[in-house]
Number of protein chains: 2
Amino acid sequence: MVTRTRRTEALSRERIVEAAVEVLDEAGENGLTFRVLTERLATGAGAIYWHVANKGELLAAATDAVVAAALAVEPAEPPEGVRAVALNLFVAIENHPWLATQLSAQFSRSPWGAVAPRIFESVGRQVRALGVPEDSLFTAGSALVHYILGAAGQNAANTANARALGPGIDRAGFLDTVSKAWEGLDPDDYPITRALAKQVRDHDDREQFLAGVDLVLAGITAVHALDK
Amino acid sequence: MVTRTRRTEALSRERIVEAAVEVLDEAGENGLTFRVLTERLATGAGAIYWHVANKGELLAAATDAVVAAALAVEPAEPPEGVRAVALNLFVAIENHPWLATQLSAQFSRSPWGAVAPRIFESVGRQVRALGVPEDSLFTAGSALVHYILGAAGQNAANTANARALGPGIDRAGFLDTVSKAWEGLDPDDYPITRALAKQVRDHDDREQFLAGVDLVLAGITAVHALDK
DNA sequence: ACCTGAACACCGTTCAAGT
DNA sequence: ACCTGAACACCGTTCAAGT
C-alpha cells in the first residue's frame, strides 16, 4: 500500500482559489465559508489566512480566475468579435452565477484591481475595432459593459432561481411564475409591466441578450456615424 | 414635566423600514444589523421580527421605499422624459449608495417583488412613448434599465470609495488613484485600458451617464427606425 | 396582539503554539 | 516559512415568557 502524505500537494494560494471556485459553484456565495474551505482542503483556518488576506481577497481572486479563463480565447474579427466577447462573458456568468454579484462588487469596490481592466481591455479592443474614436471609447465601452453584466446577471439569476424553486421547476416554469405575478398587478398602476409579462414568459435568453448587445452597438454606430 | 411613554410612536413596519434606511445611509449595508436597529428603536430583536420576516425582507422594503419616492414625480413629456427618469434613479442611487447592490439583488432574487415592476413601469412608459413597438418594449426597456443601474451604481461607488479612502480625498482624488493604477498596467497586455485612464480621470459623471443614456436611446431609435 | 431579551448556531478573523 | 486549531467578537434568528 502506498504511503500518502496528508495532502497530495502543499497548500498554495492557487489551490485555495481553485477550491473556492468549486464551493462557489456548488453552494453559491453564502455557501463559501472558511469552515467549508478548511474541511475541503484538510487544513486549519490560519493556513488559509497565511496565503490570503481575507474573504474579500479570496472572492476577488476567484472572480479574476474565472474571468481570465473566459476571456482567454481572443475571438473573431472586429464586426463579429464584440458579440463573441459578450457571449463569452454571458456564458461564464451563466455557469458561475455568483460571478454576477462579484463582478459588480469588483468594479465598484476596486476598479484598480485585476478584473475591471481585464474586461475593459477585451471589450474596449473590440469597440475600438468598430471605429469608435479614441476619446469616446470610455463612454461606448462603459455602456456596453454595463449592459453585458446587467443582462447576463439577470439571466444567471433566472436559472438559479428556477433551480432553487424546486427540482421539478425548470427555467420556463420560473419565468411563468414571474409572468403570472406581473399579470396580477393593478391595471391602472402597471399597464406596461402587465403588457411585458407575455414577453418575459416567451423570451429566449441568449437571443434576447444578443438583441440587447446589437441595440447598444446600433447606438454606438449611430452616435459615431460609423459604417455598419 | 410631561410624562412620556418609552417611545413616542408604537413600533410599526413603517417605522422600522424608516430606521433601516437611515442606518443604511449612515453606515452602509454592513452597518445595518439587528443590534444597531434595536438600539435605535429602543426595542428588542423579537419586536422587529414581529413586523418583518427577516433581514432580506427588511432590505427589500427599504429599497422599495426609496425607489418609490424617487419615481413618485412623473417627469416631462416623451422625448425628455426618459432622461428625467434615468436621472432620478441616478440621483437616488448617488444619495443611497447601498441601493445599487440592493437593486440588482431585488431584480435577480425576486423580480416578482415590488421594486422591479416599479422601475420597469417608469422606464417602459417612457420608452413606449418614444414609439417603440409593443413587442420590442422588453428588449429596449431591459437594455436601458441595465445600463442605468450599472452606470449609476458605478458612480455611487466612486463617491463612496472616495469617502472611504479618507476625509482629505475627494472624488477627483479617488479617480486619480484609479487612473494612475491603470496607467501602470503592462503596455503589451493593456493598451486600451491604459488609454482609457485619461478619460477616467477627466470625466464628469452626470454628463458621462447621460451620454450613455443617449447612446442607448440612439440604439433604440436606430433599431426601430424611429424619428428622432 | 405585541414586545422582551437571553440563548443558539454560525460566521470571519486572530494568535499563541507547533514544525 | 508554513501550518494548527482553540478562542474571540459579532451576526441573524428563535422562543419561552411577559403584558
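Predicted model, so just to flag it, every value in this text is computed and none were measured.
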For every nucleotide of nucleotides 12-19 of chain C, 5' to 3': is a protein heavy atom under 4.0 Å from its base (B), only from its sugar-phosphate (S), or from neither (-)? BBBB----
Starting at atom CG of A:Leu11, determine the distance to atom P of D:dA1, rounded to an integer number of angstrom. 17 Å
Quick one: is A:Trp50 getting a side-chain N or O under 4.0 Å of the D:dC2 phosphate, OP1 or OP2? yes
List the residues meeting side-chain contact (heavy atoms from CB on, under 4.5 Å) with A:Asp176, not counting sequence neighbours, and say none if there are none. A:Lys180, A:Arg201
Tell me the salt bridge (Lys or Arg N to Asp or Glu O under 4.0 Å) pairs involving residues 41-65 of chain B, sequence neighbours left out? B:Arg13-B:Glu57, B:Asp64-B:Arg118
Pairs where residues 37-50 of chain A contributes a residue and the test salt bridge (Lys or Arg N to Asp or Glu O under 4.0 Å) is met, not counting sequence neighbours: A:Glu22-A:Arg40, A:Glu26-A:Arg40
Pairs in or reaching into residues 187-208 of chain B: which pass ring pair (Phe, Tyr, Trp, His ring centres under 6.0 Å), with residues at least two apart or in two chains? A:Phe138-B:His203
By side-chain contact (heavy atoms from CB on, under 4.5 Å), which residues pair with B:Ser110, not counting sequence neighbours? B:Gln106, B:Trp112
Taking only residues two or more places apart in sequence or in another chain, which ones pass side-chain contact (heavy atoms from CB on, under 4.5 Å) with A:Asn30? none
For Watson-Crick and G-U wobble pairs within 3.5 Å on both distances, what is DNA chain D written in dot-bracket notation, | included for inter-strand pairing? ||.|||||...|||||.||
Between A:Glu94 and A:Arg206, does any NZ, NE, NH1 or NH2 come within less than 4.0 Å of an OD or OE carboxylate oxygen? yes
State whether B:His51 places a side-chain N or O below 4.0 Å from either non-bridging phosphate oxygen (OP1 or OP2) of C:dC3. yes
Partners passing side-chain contact (heavy atoms from CB on, under 4.5 Å) against B:Ala70 (at least two apart in sequence or in another chain): B:Ala92
